[in-house]
Amino acid sequence: MAENLNITHGTKEEVYTSLYPQLRSLLDAERDPIANMANLAAALHLTFGFWWTGFYRVSGEELILGPFQGPLACTRIRRGRGVCGTAWLEQRSIIVPDVDQFPGHIVCSSASRSEIVVPVKLQGETVAVLDIDSDRLATFDDTDRLWLERIVALLDR
Ligand code: SME
């Protein structure tokens, strides 16, 4: 299935609209959340050409690096730290148009310029965050937030 990912070109809305049912079919075939996070990271990364696309998983009072695509990344993030730890603590998606303007942003890669983090909830509990970095400023907006929230909800099965 992943080999057959059909990547549409067009507006962001058109790309997500085409991608979403493909991701739903992909995740319908597997129940393991880590396997599904791995394929989601790969599909989003391939489709949009982001700089870094991946998951951090909740473990006690910290997030630990999970399935991702892109350059090497920080392995552990404390609750409330950085964009990821803040999204987890506050249980909400965070869009950062310019990472230099986000107090406490954790630099894993100096090429990262903007970022979006979306909490992943399984049965109402936040178990991970999806983190996407772009090497350009202001890549993410509410269209990304809405679609990515819908996409990570596919993990809740
Ligand atoms: N910038 C993130 C850290 C993770 S990396 O970007 C992959 C943060 O501030 O939480």
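As the structure lists them, so they are numbered: ligands from 1, and atoms in each ligand from 1. Count residues from 1 along the sequence.
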Under 3.5 Å: N or O atoms of ligand 1 paired with protein N or O:
unit_1   : atom_1 : unit_2 : atom_2 : d
ligand 1 : 1 (N)  : His105 : NE2    : 3.2
ligand 1 : 1 (N)  : Ile106 : O      : 2.8
ligand 1 : 1 (N)  : Glu115 : OE1    : 3.1
ligand 1 : 1 (N)  : Glu115 : OE2    : 3.1
ligand 1 : 6 (O)  : Asp131 : OD2    : 3.4
ligand 1 : 6 (O)  : Asp133 : OD1    : 3.4
ligand 1 : 6 (O)  : Asp133 : OD2    : 2.8
ligand 1 : 9 (O)  : Val83  : N      : 3.0
ligand 1 : 9 (O)  : Ile106 : N      : 2.8
ligand 1 : 10 (O) : Val83  : N      : 3.0
ligand 1 : 10 (O) : Cys84  : N      : 2.8

inquiry  = I'd like to know if the side chain of Asp131 reaches the main chain of Cys84, judged simply by a donor and an acceptor atom lying under 3.5 Å from each other, with no hydrogens or angles considered.
reply    = no
ask   = Which residue pairs pass the ring pair (Phe, Tyr, Trp, His ring centres under 6.0 Å) test with at least one member in residues 106-145, sequence neighbours excluded?
value = Phe50-Phe140
request  = Could you pull out all residues at least two apart from Trp147 that satisfy side-chain hydrogen bond (donor to acceptor under 3.5 Å, both in side chains)?
outcome  = Glu13
task = With sequence neighbours left out, write down each residue that passes side-chain hydrogen bond (donor to acceptor under 3.5 Å, both in side chains) with Thr75, or none if nothing qualifies.
result = none
task = Could you walk me through whether Trp51 and Ser109 pass the side-chain contact (heavy atoms from CB on, under 4.5 Å) test, one step at a time?
result = CA-CA 9 Å; Trp51 177 253; Ser109 161; 3.0 Å; yes
message = For Leu130 and Tyr56: C-alpha separation, side-chain torsions, deciding distance, then whether side-chain contact (heavy atoms from CB on, under 4.5 Å) applies.
response = CA-CA 7 Å; Leu130 169 64; Tyr56 280 91; over 6 Å; no
